[in-house]
Amino acid sequence: MSWLIYPFITLLTFSIMEGITWLTHKYVMHGFLWYLHEDHHKPVKHFFEKNDAFFFIFAIPGWLCIMLGSMKHAWWVVSIGAGITLYGVAYFLVHDVIIHQRFKWFTRSNNRYIKTIRRAHRMHHKHPDKENGESFGMLFVSKKYWDMIKRDEELKKSVA
């Protein structure tokens with residue numbers, strides 16, 4: 001198998017993870033594992049939340065793919081694990097650093113994409129209970145949130 005296939009598998013897996021995350025967030029985190037996710041919607045005064053357990057739940061498949069794939073020289077499996085792991089890193093940076101600012105690294109960004117994902121996530125958190133949620137994805141958000149940001153920017157220009 002050509003070495004070019006492995007980065008492709010990694011990128012494909014990374015992309016597929018957005019759909020898996022959306023489904024997991026909507027049907028598992030807002031479903032039978034709500035007791036772990038609830039404190040994320042109804043924040044506690046601790047740095048760590050029960051919701052942080054999902055880090056381990058999502059990290060295990062990536063770790064197993066990388067470890068077992070390496071042991072068996074199944075590099076396509078390692079590539080899947082790399083895609084899962086890279087998505088986890090992106091999720092951490094977007095969700096915990098950029099959106100919730102649990103780490104004060106990028107607090108003053110005026111980037112349209114960042115404003116859009118923050119708006120979508122704020123709309124998600126508008127619902128404190130597990131029902132009636134919206135915007136379950138992370139990296140890709142609905143066009144309506146892009147339109148909201150564009151409208152806000154146009155409004156600011158017209159006022160200025």
Same cluster (ILVMFWY, side-chain, under 4.5 Å), Trp105 and Ile114
yes

Nearest 0.5 Å, what's the NE2-CG distance between His25 and Leu23?
12.0 Å

Any donor-acceptor N/O pair, His37 side chain to Asn51 backbone, under 3.5 Å
no

What's the verdict on side-chain contact (heavy atoms from CB on, under 4.5 Å) for His121 and His100, showing C-alpha distance, side-chain angles and the deciding distance?
CA-CA 9 Å; His121 204 73; His100 287 289; 3.0 Å; yes

Heavy atoms from other residues, nucleotides or ligands near NZ of Lys72 exceed 12 (cutoff 6.0 Å)
no

Contact check, side chains of Met148 and Arg151, non-hydrogen atoms, under 4.5 Å
yes

So which of Lys126, Glu49, His30, Met29 actually passes side-chain contact (heavy atoms from CB on, under 4.5 Å) with His41?
His30

Give a yes or no on whether the ring-centroid distance for His40 and His124 is below 6.0 angstrom.
no

Side chain to side chain donor-acceptor pair (under 3.5 Å): which pairs involve residues 8-23, sequence neighbours left out?
Glu18-Tyr87

Transitive ILVMFWY side-chain link Phe140 to Val94, under 4.5 Å:
yes

For Ser2 against Ile5, the heavy-atom pair lying closest together
O-CG2, 2.9 Å

Does a salt bridge link Lys143 with Asp147, judged by any charged N lying under 4.0 Å from a carboxylate O?
yes

Could you check Val78 against Met71 for side-chain contact (heavy atoms from CB on, under 4.5 Å), going step by step and ending with a plain yes or no?
CA-CA 10 Å; Val78 173; Met71 291 168 62; over 6 Å; no

Can you tell me how far the CZ atom of Arg118 sits from the CG atom of Asn111, to the nearest 0.5 Å?
9.5 Å

Is it the case that more than 12 heavy atoms not belonging to Tyr113 sit under 6.0 Å from its OH atom?
yes

Distance, nearest 0.5 Å, that separates OG1 of Thr85 from CE of Met17
9.0 Å

Closest non-hydrogen contact found for Ser135 with Tyr145 is CB-OH, 3.6 Å

Is there a path of hydrophobic side-chain contacts, each under 4.5 Å between heavy atoms of I, L, V, M, F, W or Y residues, that connects Ile99 with Ile149?
no

Salt-bridge contact Asp39-Lys50 (side-chain N to carboxylate O under 4.0 Å):
no

Once you round to the nearest 0.5 Å, how far does CG of Leu86 lie from OG of Ser79?
10.5 Å

Drop me the distance from Asp52's CG to Asp96's CG, to the nearest 0.5 angstrom.
6.5 Å

Please name the pair of heavy atoms, one in Cys65 and one in Ile80, separated by the smallest distance, quoted to 0.1 Å.
SG-CG2, 4.1 Å

ILVMFWY network linking Phe136 to Tyr35, side-chain heavy atoms under 4.5 angstrom:
no

If you count every heavy atom of other residues, nucleotides or ligands that lies below 6.0 Å from Lys157 atom NZ, does the total exceed 12?
no

Which of Arg112, Arg119, Lys115 passes salt bridge (Lys or Arg N to Asp or Glu O under 4.0 Å) with Asp152? It is Arg119

Hey, any chance Val77 and Phe8 share a hydrophobic cluster, counting ILVMFWY side chains that come within less than 4.5 Å of each other, even indirectly?
yes

Nearest 0.5 Å please: distance from the CD1 atom of Ile60 over to the CE atom of Met67.
11.0 Å

Take Ile117 and Leu139, measure what side-chain contact (heavy atoms from CB on, under 4.5 Å) needs, and give me the verdict at the end.
CA-CA 7 Å; Ile117 60 174; Leu139 302 178; over 6 Å; no

Applying side-chain contact (heavy atoms from CB on, under 4.5 Å) to Trp75 and Ser70, what does each step give before you reach the verdict?
CA-CA 7 Å; Trp75 306 117; Ser70 296; 4.1 Å; yes

More than 12 heavy atoms of other residues, nucleotides or ligands under 6.0 Å from CZ of Phe92: is that the case?
yes

